[in-house]
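For reference, the structure is listed below as structure tokens.
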Amino acid sequence: MELGDINERIAEILSAIADFLEMKGENIYRVMAFRKASRTISGLPKRIESKEDVISLPGIGKVIGDMVEEILKSGTASLYEELIREIPEGVREFQQIQGIGPKTAFSIYKATGASSLEELYELVITDRLRDFNELRGKTLEKVYSGIERALEKKRMLRLDQGFAVYLAVKDTLKTNPYVKDVVLVGGLRRGREINNDVDILLLTEDKDKVDSLLETKIEGYRIDIKLTTPETFFYDMFLYTGSKSHTSRLLELLENKKKFNSEEEIYNVLGFQYVPPEIREGLGEIELAKEHRLPNLISPTDLKGDLHIHSLWSDGTANILDMAFSCIKRGYRYMAITDHSGSLKVAGGLSPEEIREQHEELKMIENRLDGFTILKGIEVDILPDGSLDTPEDVLKELDIVIASIHTNFRMEEKEMTERIMRAISNPYVNILAHPTGRILLERDPYKVDMEKILRIAGERGVIMEINSSPERLDLNEVLIREGKRFGVRFAINTDAHSPLHLDNSLYGVITARRGWLEPKDVINTYDLDNLKEILGRRG
DNA sequence: GCCGTTTTCGGCCCGACTGTTTTCAGTCG
């Protein structure tokens, strides 16, 4: 069974080609060309039908255009087939180990013949990896110390991966005539950022006829299918969705009654307000539900815009106009273009001159967008000493300034806290983006006293971002709740680098719901005038 | 491999850090 559509397949092949060429020491610009094309294609909002759909895109020329055509026709590319004959697919996974890059990954394969993380792990636990003379010293240690985490990452599912697996399994299950319905339950339905399995409830009238389906597998992920009948369907949905601490108290009260017509009815017969899945964690929601005082949780349709968007001007894959059209299509009223600033060379950061040039383009574009507003913004880099890399006379001209850290992650807590404090004390900074810097399953948050940051942010009206990228989800639900107690307001942003990334706002909203946020806590639910007032207050 | 309104060839992507590397290659962000 395969996940995804043709765009993903093409992007995956191009990305693999880039990895293999890099391992072989090919010209790095050729490698980057494949990588960039892969990123562009994976971010396209429209299904690719022919070569013509890609050939005009930035960074895609004749060679990659022809390759796309080849993949559309045959499902694969000859260059890719050639490369995997030389280097097995699984060797790419070695790079998941911290400190192992393409060159070392390739040399591990050449030395040991291991062609997957599992095979490499086998050599590690039997301590045979040391027998290969080519691998010595710190490199060897890195493999020993990092491989378990890499394997764990391979099995764990982020929210987006979990949903994708669920949808794929659902499609398969539904082809069976005895399957009446398939629904998601468990931690994934509650919107947990990382899950070790996908819990699925399968409704059938004849349990014996669907036994074989319980073994459904997809790409090595753990899938846990539970059977239910029409009689107990909603009871089981409730039972398998909530955390233990949420369900156990309510189960006592239900006294074995199992027949309900909806999940809402379960709460209602007990005199409780309905509790949305995202907050069924046993963190005080039961008491509030009893008093009918649950928060009015934010929902995806409350969002009126996105305040963190990149374009081709820095490291985005689409131009400003295409990003604007995609926002308009989603029903948004505004967006902020916030490309990277000067010091972040690797992402094509903008100099003050380029920022002003961009504003010329924005002026021309805005005339073409009736009733839709583009805010002039920047994602300004916070330097190690907490100063910003863009002069204040440039920041002054902007509608919105979001500040973030992309370098020097490994500082001591005191230093890092002071660094961020100084940055958010700058009167031009409106939003602190991805405040803890974590990448799920890849990079820990930096050492920082978030309580202090949140308290000051609450006092001074600095907005905290909930970065919706499923790889970040930063802030997380715990820090969101803490921030809310300090009076912090939030922005649910996608940090989109392509039109498709705008869809990630769903993950941000889910995380905000898990943090008990209401629309009024989130500034991009406000209409433009109110938003501008908040953004203007600090400048 | 892609790109171009000075170019169809020669740039593009950069700085910090680390390791077994004593003058540089690999990794990371």
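These numbers come from a predicted model, not from an experiment. First the proteins, then the strands, lettered A, B, ... as listed; each starts at 1.
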Whether A:R155 engages the ring of A:Y221 as a cation-pi pair (distance to the six-membered ring centre under 6.0 angstrom, angle to the ring normal within 45°) should be assessed.
no

Round to a whole Å and report the spacing from [atom1] of [X] to [atom2] of [N].
X      : N      : atom1 : atom2 : value
A:L383 : B:dG29 : CG    : C1'   : 15 Å
A:K345 : B:dA16 : NZ    : C1'   : 15 Å
A:Y446 : B:dG29 : OH    : P     : 13 Å
A:M411 : B:dA16 : CE    : P     : 15 Å

Between A:L307 and the options A:T338, A:D495, A:L531, the side chain to side chain contact (heavy atoms under 4.5 Å, CB included) test singles out A:L531

Can you spot which of A:M156, A:E152, A:K153 makes a side chain to side chain contact (heavy atoms under 4.5 Å, CB included) with A:I194?
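The residue from A:M156, A:E152, A:K153 that satisfies side chain to side chain contact (heavy atoms under 4.5 Å, CB included) with A:I194 turns out to be A:M156.
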
Contacting residues from residues 112-120 of chain A, given that a heavy atom lies under 4.0 angstrom of DNA chain B
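Correct list: empty, so none.
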
Not counting sequence neighbours, list each pair that qualifies as a ring pair (Phe, Tyr, Trp, His ring centres under 6.0 Å) and has a residue in residues 58-94 of chain A.
none

When rounded to the nearest Å, what value does the distance between [atom1] atoms of [N] and [M] take?
N      : M      : atom1 : answer
B:dC12 : B:dG19 : P     : 31 Å
B:dT21 : B:dT27 : P     : 15 Å
B:dC13 : B:dC2  : C1'   : 14 Å
B:dT20 : B:dC28 : P     : 14 Å
B:dG1  : B:dT5  : P     : 23 Å

Kindly assign one of parallel, tilted or perpendicular to the pair A:H340 and A:H406, based on the angle between their ring planes and the thresholds 30° and 60°.
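Aromatic pair A:H340/A:H406 classed perpendicular.
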
If anything within 90° of 0 is syn and all else is anti, what is B:dT5?
anti

Could you check whether atom CD of A:E413 has more than 12 heavy atoms from other residues, nucleotides or ligands sitting under 6.0 Å from it?
yes

Using a cut-off of under 3.5 Å, enumerate the N/O to N/O pairs linking the protein to nucleotides 20-28 of chain B.
| from | atom 1 | to | atom 2 | distance (Å) |
| --- | --- | --- | --- | --- |
| B:dG26 | O3' | A:T104 | OG1 | 3.3 |
| B:dT27 | OP1 | A:G101 | N | 2.7 |
| B:dT27 | OP1 | A:G101 | O | 3.2 |
| B:dT27 | OP1 | A:T104 | N | 3.0 |
| B:dT27 | OP1 | A:T104 | OG1 | 2.4 |
| B:dT27 | OP2 | A:P102 | N | 3.3 |
| B:dT27 | OP2 | A:K103 | N | 3.1 |
| B:dT27 | O5' | A:G101 | N | 3.4 |
| B:dC28 | OP1 | A:G99 | N | 2.4 |

So, taking the atom named CG in A:L140 and the one named CZ in A:F132, what distance separates them when rounded to the nearest 0.5 Å?
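Here the interatomic distance stands at 11.0 Å.
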
Assigned partner base of B:dT8, Watson-Crick or wobble definition, under 3.5 Å
none

Pairs where residues 63-74 of chain A contributes a residue and the test side-chain hydrogen bond (donor to acceptor under 3.5 Å, both in side chains) is met, not counting sequence neighbours:
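Counting only pairs at least two positions apart or across chains, the side-chain hydrogen bond (donor to acceptor under 3.5 Å, both in side chains) contacts touching residues 63-74 of chain A are A:K51-A:D66, A:K62-A:D66, A:E70-A:S78.
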
Salt bridge (charged side-chain N to carboxylate O under 4.0 Å, His left out) pairs touching residues 88-97 of chain A, sequence neighbours excluded, are A:E12-A:R92, A:D19-A:R92, A:E89-A:R92, A:E93-A:K154

Main chain of A:S42, side chain of A:N7: is a donor-acceptor contact present, judged purely on distance under 3.5 Å?
no

With DNA chain B as reference, determine whether A:H406 or A:I28 sits nearer its 5' end, using the nearest nucleotide of each.
A:I28

Take A:H501 and A:H308 through the ring pair (Phe, Tyr, Trp, His ring centres under 6.0 Å) test and state the conclusion after the steps.
CA-CA 11 Å; A:H501 286 166; A:H308 187 168; over 10 Å; no

Atom pairs under 3.5 Å: protein N/O with N/O of nucleotides 1-7 of chain B:
| from | atom 1 | to | atom 2 | distance (Å) |
| --- | --- | --- | --- | --- |
| B:dG1 | OP1 | A:R30 | NE | 3.4 |
| B:dG1 | OP1 | A:R30 | NH2 | 3.2 |
| B:dG1 | O5' | A:R30 | NE | 3.3 |
| B:dC2 | OP1 | A:G61 | N | 2.6 |
| B:dC2 | OP1 | A:I64 | N | 3.3 |
| B:dC2 | OP2 | A:V63 | N | 3.4 |
| B:dC3 | OP1 | A:G59 | N | 2.8 |

Tightest non-hydrogen contact, residues A:F372 and A:C327, listed as CZ-CB, 3.6 Å

